[in-house]
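First up is the structure itself, then whatever we jot down about it.
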There are 2 protein chains.
Amino acid sequence: MRNSRADVVAAALRVLEVQGLEGCSMRRVAAELEVQPSALYHHVPNKQTLLALMADEIVGGVGEPACAAAGSVSPGTGADAGSSVEGSSGAGSVAAGSPGADPRRICQALRDAMLAVRDGADVVATASAFRLGASAVENRLAALVGIDGARTLLLYTFGQAQATQTHRQAAAFGALLTGSGPAPAAADRTDVDPEPAAAADAEPEPGIDPALDLDASYARGIDLILAGLGATKAATSPRR
Amino acid sequence: MRNSRADVVAAALRVLEVQGLEGCSMRRVAAELEVQPSALYHHVPNKQTLLALMADEIVGGVGEPACAAAGSVSPGTGADAGSSVEGSSGAGSVAAGSPGADPRRICQALRDAMLAVRDGADVVATASAFRLGASAVENRLAALVGIDGARTLLLYTFGQAQATQTHRQAAAFGALLTGSGPAPAAADRTDVDPEPAAAADAEPEPGIDPALDLDASYARGIDLILAGLGATKAATSPRR
DNA sequence: ACCTGAACACCGTTCAAGT
DNA sequence: ACCTGAACACCGTTCAAGT
């Protein structure tokens with residue numbers, strides 16, 4: 001036995017980290033394993049399935065009760081996942097039984113896991129849509145805040161993480177162009193497109209707002225949703 | 001003058017509707033215009049920019065004050081956008097000045113606009129991340145519910161719409177396989193993958209839950225966020 | 001200004017054949 | 001069981017050349 005399915009998934013994650021989702025081709029994954037492209041189809045029926053397996057690896061044990069520092073993936077340089085919000089504003093009304101079972105912490109862990117891998121949010125969000133009623137994280141959240149709360153938290157987290165990651169890439173790319181600041185990472189980044197700023201086409205806008213802090217903004221959004229849960233739970237609504 | 005940039009964008013939207021995002025290649029857009037692929041690069045610098053222009057067309061005038069039935073795109077059969085939620089539960093505390101300036105209505109219009117086009121949510125969400133501080137819809141929402149509220153509503157809407165669309169595609173595809181129900185559309189759908197259910201790989205789960213209603217679920221999520229806004233606005237302290 | 005024709009360096013996937 | 005080699009039908013983008 002020369003390569004297992006797990007080897008293929010691991011190789012794919014390595015390629016993803018270096019080349020991004022765009023450059024994560026079956027052919028490159030095969031090259032990473034020093035194998036012909038056709039060999040991959042012995043382990044995986046198609047690229048879509050491979051991406052789903054990668055998504056599973058990325059979210060890892062976030063859904064599990066003990067998910068503290070579950071860095072199961074770590075394909076090379078960890079890049080910049082840092083944020084680790086603490087404060088969080090009002091509405092502690094949804095605090096559940098066991099300690100550490102904070103919906104805030106689960107959501108934050110999910111987001112961190114996605115942001116820790118290049119284009120991780122895209123990979124996970126796409127694959128997760130299929131399991132919408134049945135994912136581990138969603139079920140765990142649902143136990144804490146109900147089904148509607150869980151879904152809102154989850155889908156907000158996906159959308160927010162995708163925006164954060166896209167934005168970071170654009171920023172890193174812009175930094176490359178202007179030559180300002182430190183180099184964005186250790187990786188070799190040779191795959192960067194020769195075209196800047198994508199959609200900065202017709203509008204003469206002042207560029208990207210450096211003040212929009214998507215890490216802090218995320219935490220405030222989560223608090224907003226949790227506050228809404230507390231409010232609708234306490235008053236009016238018939239939903240238990 | 002034979003073709004304008006607007007012609008290219010319109011052709012691209014037609015191809016998107018028929019072939020999906022995966023099949024929306026520069027070469028097919030060129031073929032739609034009966035032109036060589038290289039001709040497109042006279043109107044658009046690259047594919048990424050074309051996608052951004054398509055996104056602008058899809059969201060159309062959703063950000064504008066008078067956005068009632070702004071069906072500016074309509075590329076062929078409108079498919080199934082229907083939902084138009086009405087009820088909405090408690091917490092009307094964030095009602096703003098002018099009538100029709102309901103954040104609910106704006107979000108719903110944005111979602112409808114994305115869902116009206118095949119893979120519209122993916123196209124718009126990706127392109128919108130670049131303009132995060134500066135989009136018309138976000139600014140309009142921010143005037144009604146503040147910047148954090150606007151961003152939460154917006155990113156939730158993106159994540160939710162993407163999930164809804166992915167899920168619908170999977171459902172339509174599953175229906176094709178089982179041969180049950182009416183044909184999902186008039187289109188010829190020859191591009192469908194020969195592999196079912198993507199990630200239904202190891203888990204022996206009962207398949208897709210037909211009871212998860214993503215249209216109604218969306219509205220409840222929006223209400224949750226708005227309720228949270230009301231709660232945090234009224235009082236900083238927990239509960240209320 | 002707008003387009004053609006040809007080329008370059010790629011894709012995902014299939015399939016017979018090897019070991 | 002796992003892989004090679006070759007092929008098929010595609011990609012995005014560039015560039016000299018036409019009108």
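Excluded from the calculations below are hydrogen atoms, water molecules and symmetry mates; all remaining heavy atoms, backbone and side chain alike, are included. We name chains A, B, ... by the order of the sequence lines, and we start the count at 1 in each one.
For B:M26 and C:dC11, the CE to P distance is 19 Å, given to the nearest whole Å. Computed from coordinates, the A:M1 CE to D:dC3 P distance equals 10 Å when rounded to whole Å. Atom CD in B:E22 sits roughly 11 Å away from atom C1' in C:dC11 (whole-Å rounding). Spacing between atom CD of B:E34 and atom C1' of C:dC3 amounts to 14 Å, rounded to whole angstrom units. If you take NE2 of A:H42 and P of C:dT14, they are 13 Å apart, rounded to a whole angstrom. To the nearest angstrom, C1' of D:dC3 lies 17 Å from CZ of A:R5. The CD atom of B:Q36 sits 16 Å away from the P atom of D:dG18 (whole-angstrom rounding). Atom pair A:L33:CG and D:dT4:P shows a separation of 10 Å (rounding to whole Å applied).
OP1 or OP2 of D:dC3 has at least one side-chain nitrogen or oxygen of A:H43 nearer than 4.0 Å. In this model, the phosphate group of D:dG12 is not approached by any side-chain N or O of B:N46 to a distance below 4.0 Å at OP1 or OP2. Phosphate proximity of C:dT4 to B:S38: absent, as no side-chain N or O sits under 4.0 Å from OP1 or OP2.
In terms of position along DNA chain D, the nucleotide closest to A:P37 lies nearer the 5' end than the nucleotide closest to the other residue of the pair B:A39 and A:P37. The nearest heavy atom of DNA chain C to A:G23 and to B:R27 marks one nucleotide each, and the one closer to the 5' end goes with B:R27. The residue among B:C24 and B:R2 whose nearest nucleotide of DNA chain D is located toward the 5' end is B:C24.
Between B:R168 and B:D215, at least one side-chain nitrogen of the basic residue sits less than 4.0 Å from a carboxylate oxygen of the acidic one, meeting the salt-bridge criterion.
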Strand DNA chain D in bracket notation, Watson-Crick/G-U under 3.5 Å with | for pairs to another chain: ||.|||||...|||||.||

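Under the 3.5 Å distance criterion, with hydrogens and angles disregarded, no donor-acceptor pair is assigned to the side chains of A:Q165 and A:D122. A donor-acceptor contact under 3.5 angstrom links the side chains of A:Q160 and A:T164, judged on distance only.
You'll find the side chain of A:Y218 reaches within 4.5 Å of the side chain of A:Y156, heavy atoms only.
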A:R118 and A:E17: salt bridge (charged side-chain N to carboxylate O under 4.0 Å, His left out), yes or no, with the steps? CA-CA 5 Å; A:R118 224 233 270 204; A:E17 190 61 44; 5.7 Å; no

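A donor-acceptor contact shorter than 3.5 Å links the side chain of A:S128 to the backbone of A:V124. With hydrogens and angles disregarded, no donor-acceptor distance shorter than 3.5 Å links the side chain of B:R5 to the backbone of B:V44.
Between C:dC10 and D:dA9, the two P atoms lie 22 Å apart (nearest whole Å).
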